[in-house]
Amino acid sequence: MIIDQFGTIVSYPDPEQINTKLDPSIFTNISSNLSGSFYSAKSKQMIVYQTITGTDWKVIVIVPYGDLEASYDINDIKLWHYFSVGRMYHDVAPPTMLQRSAFQLK
């Protein structure tokens, strides 16, 4: 998903989630850093995020812990976001960031 600086969801696979607020506990954890990751014990999810360059908006990926335990190679995961101007796609969270995040859980 993509959120604005106020925690409003501006892009999400489910259109009904657009213009709703991100869970406050997640927003609190990501609002003061440009990028990073953390594990939410409450929801059993890994949250990985990165600020979009030149904006206060963030790209957020929420991965259920069960998916991180799966037997696939985490280096194969690529995260993409869509710029609303044109059709330019950019890699926003390199696989190494996810790999580091997964190792933090061990």
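The structure presented is a predicted model; accordingly, all values stated were derived computationally and were not measured. As a basis for the values below, the full set of heavy atoms in this structure was taken, side chains included, without hydrogen atoms, waters or symmetry mates.
Taken from CD1 in Ile30 to OG1 in Thr51, the straight-line distance is 8.0 Å, to the nearest 0.5 Å. Taken to the nearest 0.5 Å, the CD atom of Gln45 stands 9.0 Å off from the CG atom of Asp23. Distance check: Leu22 CG to Tyr49 OH gives 12.0 Å after rounding to the nearest 0.5 Å. Rounding to the nearest 0.5 angstrom, the gap separating the CD1 atom in Ile62 from the CD1 atom in Ile26 is 4.0 Å.
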List the atom pairs, donor and acceptor, that lie under 3.5 Å between side-chain atoms in residues 2-17 and the rest of the protein, sequence neighbours left out.
unit_1, atom_1, unit_2, atom_2, d
Asp4, OD1, Phe6, N, 2.9
Asp4, OD1, Gly7, N, 3.1
Asp4, OD1, Thr8, N, 2.9
Gln5, OE1, Trp57, NE1, 3.3
Thr8, OG1, Lys21, NZ, 3.1
Asp14, OD1, Glu16, N, 3.1

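Cluster annotation: Ile18 and Ile60 are assigned to the same hydrophobic cluster (Ile/Leu/Val/Met/Phe/Trp/Tyr, side-chain heavy-atom contacts under 4.5 Å, transitive).
The shortest distance between side-chain heavy atoms of Phe38 and Met46 does not fall below 4.5 Å.
Among residues two or more places apart in sequence or in another chain, the side chain to side chain donor-acceptor pair (under 3.5 Å) test is passed with Ser40 by Ser43. With sequence neighbours excluded, no residue forms a side chain to side chain donor-acceptor pair (under 3.5 Å) with Asn29.
Listed for the Ser37 side chain is no donor-acceptor partner under 3.5 Å among the backbone atoms of Val48.
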